[in-house]
Every structure is written in structure tokens, then in C-alpha cells.
Amino acid sequence: MSKPCSEAIVLGEAIVESTRENALSRDYVGNQLNCTSCHLENGRHPVVASFIGIATAYPAWSPREKRVTTLQDRVLNCFMRSENGTRPPVGSNLAIAITACITSFSEVQPIKVNRDKPLGPSHMPTL
């Protein structure tokens, strides 16, 4: 893996761990949550909102947004919805770092086509 890519992954993990304090992300957070408030063990928990394999579920159709969304869209929307803040810009260093971090948890896993909705490896079936 290239050094710049490795650096982006490490930066992304730092942002995930300390979202509300990190200089790149704090201005976009509107509450007291970090990504780790939902994604336990920095997204490594195998069951609770895991990042493991999640990059394989994107791009995917989003029924909520009525369009195809990318992993980056999903990450940035968390700032608006889960963290009650402002959506960071697409392509920003923040967006790239978090997305690189999450994508690194899907290494060597097959990509899935998700035509109906984003179904990660630990998705909850509709009741």
C-alpha cells in the first residue's frame, strides 16, 4: 500500500476515534458524538455498526435519497443526521480519510451489487 494511502487510513481512524475534537471534523459535528459512539472499537466490532466489509455495499440505491449513493455520501450524511451537524464537502481531506479508513476494512472482500438499498454484511432484515 502506498504511503499516502496508508497516511489517509491512519488519519481516518484518528477522525473516527475523536470526531468532535479532531481539527478536520470538529466544525461539522453538532453534538457530543464521535463516530465511535455508534461504531464500536473504531468500527472493528464484528456486530455493532461494523465497518468490516461495509465498503463492499457501495455504491447502492438509497430509498431515502431516491438516488444512487456512494460510501462517501453515506459517511458525510452521518455528520448531518447522526452527529446533528453540517455535511462536509465531497472530496475533502476529511471525507477521503474516513472513507479510506472504512474501505481498508473491506480489503479482499468481494464487491456486491446493491440495486435496492445498501446492505452491509451485518444489515438488519426488514421486519
Side-chain angles (χ1 to χ4, degrees):
M1 184 178 310
S2 74
K3 185 173 179 174
C5 191
S6 296
E7 290 171 355
I9 291 167
V10 169
L11 176 59
E13 187 157 358
I15 294 167
V16 166
E17 186 172 343
S18 301
T19 319
R20 67 177 188 239
E21 291 94 18
N22 188 285
L24 285 178
S25 55
R26 66 180 170 224
D27 292 340
Y28 300 103
V29 178
N31 55 28
Q32 295 301 306
L33 299 179
N34 292 310
C35 295
T36 55
S37 299
C38 298
H39 303 281
L40 303 185
E41 299 172 15
N42 279 23
R44 287 182 174 85
H45 192 283
V47 179
V48 182
S50 181
F51 289 155
I52 299 169
I54 203 68
T56 67
Y58 289 90
W61 174 256
S62 171
R64 173 188 268 175
E65 297 183 32
K66 299 190 180 355
R67 67 180 182 91
V68 173
T69 60
T70 64
L71 177 59
Q72 192 172 127
D73 288 323
R74 181 65 186 95
V75 167
L76 299 180
N77 286 345
C78 274
F79 281 89
M80 290 186 322
R81 296 182 180 130
S82 299
E83 293 183 336
N84 197 32
T86 306
R87 191 177 197 267
V90 170
S92 63
N93 287 339
L94 166 66
I96 291 167
I98 295 176
T99 305
C101 173
I102 293 170
T103 300
S104 74
F105 291 121
S106 297
E107 193 170 23
V108 306
Q109 295 188 3
I111 299 293
K112 298 166 188 70
V113 175
N114 295 286
R115 300 179 197 287
D116 299 322
K117 59 184 171 181
L119 302 173
S122 300
H123 78 277
M124 297 288 292
T126 305
L127 300 176

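All values reported here derive from a predicted model rather than from experimental measurement.
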Asker: Give, for atom OG of Ser104 and atom CD1 of Ile52, the distance between the pair rounded to the nearest 0.5 Å.
Answerer: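 The CD1 atom of Ile52 is 10.0 Å from OG of Ser104, to the nearest 0.5 Å.
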
Asker: Please name all residues satisfying side chain to side chain contact (heavy atoms under 4.5 Å, CB included) with Ala55, sequence neighbours left out, ordered by chain then number.
Answerer: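 By the side chain to side chain contact (heavy atoms under 4.5 Å, CB included) rule, Ala55 matches Leu71, Thr103, Ser106.
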
Asker: Would you kindly confirm whether Leu33 and Leu24 end up in one hydrophobic cluster when ILVMFWY residues are joined by side chain heavy atoms under 4.5 Å apart?
Answerer: no

Asker: How long is the straight-line distance from CD1 of Ile9 back to CD1 of Ile98, given to the nearest 0.5 Å?
Answerer: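 So the gap between those two atoms works out to 13.5 Å.
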
Asker: Kindly compute the distance separating OG1 (Thr36) from CD1 (Ile15), expressed to the nearest 0.5 Å.
Answerer: 12.5 Å

Asker: Going by side chain to side chain contact (heavy atoms under 4.5 Å, CB included), name the residues that satisfy it together with Glu41, two or more places apart in sequence or in a different chain.
Answerer: Arg44, His45

Asker: I need the Ile102 CD1 to Ser50 OG distance, nearest 0.5 Å.
Answerer: 10.0 Å

Asker: With sequence neighbours left out, what residues match Ala49 under side chain to side chain contact (heavy atoms under 4.5 Å, CB included)?
Answerer: His39

Asker: Using only atom types and a distance under 3.5 Å, with no angle test, would you say the side chain of Thr99 pairs donor to acceptor with the backbone of Ile96?
Answerer: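 Looks like no, no N/O pair under 3.5 Å.
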
Asker: Measuring from Asn42:CG to Cys101:SG, what's the distance to the nearest 0.5 Å?
Answerer: 7.0 Å

Asker: Give every residue pair that meets the side chain to side chain donor-acceptor pair (under 3.5 Å) criterion with at least one member in residues 78-88, sequence neighbours excluded.
Answerer: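 Sorted result for residues 78-88: Asp73-Arg87, Asn77-Arg87.
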
Asker: State which residues pass side-chain hydrogen bond (donor to acceptor under 3.5 Å, both in side chains) with Gln72; sequence neighbours excluded, sorted by chain then number.
Answerer: none

Asker: Starting at CG of Leu76, measure out to CG of Leu94 and round the result to the nearest 0.5 Å.
Answerer: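 One finds 7.0 Å between CG of Leu76 and CG of Leu94.
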
Asker: Once side chain to side chain donor-acceptor pair (under 3.5 Å) is applied, what residue pairs with a partner in residues 21-33 remain, sequence neighbours excluded?
Answerer: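 Sorted result for residues 21-33: empty, none.
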
Asker: So, for Val68 and Trp61, which heavy atoms are closest and what is the spacing to 0.1 Å?
Answerer: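 Residues Val68 and Trp61, closest heavy atoms: N-CE3, 3.8 Å.
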
Asker: Please examine the side chains of Tyr58 and Thr69, heavy atoms only from C-beta on, and report whether any two atoms are closer than 4.5 Å.
Answerer: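 When only atoms from C-beta onward are counted, Tyr58 and Thr69 do touch, with a gap below 4.5 Å.
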
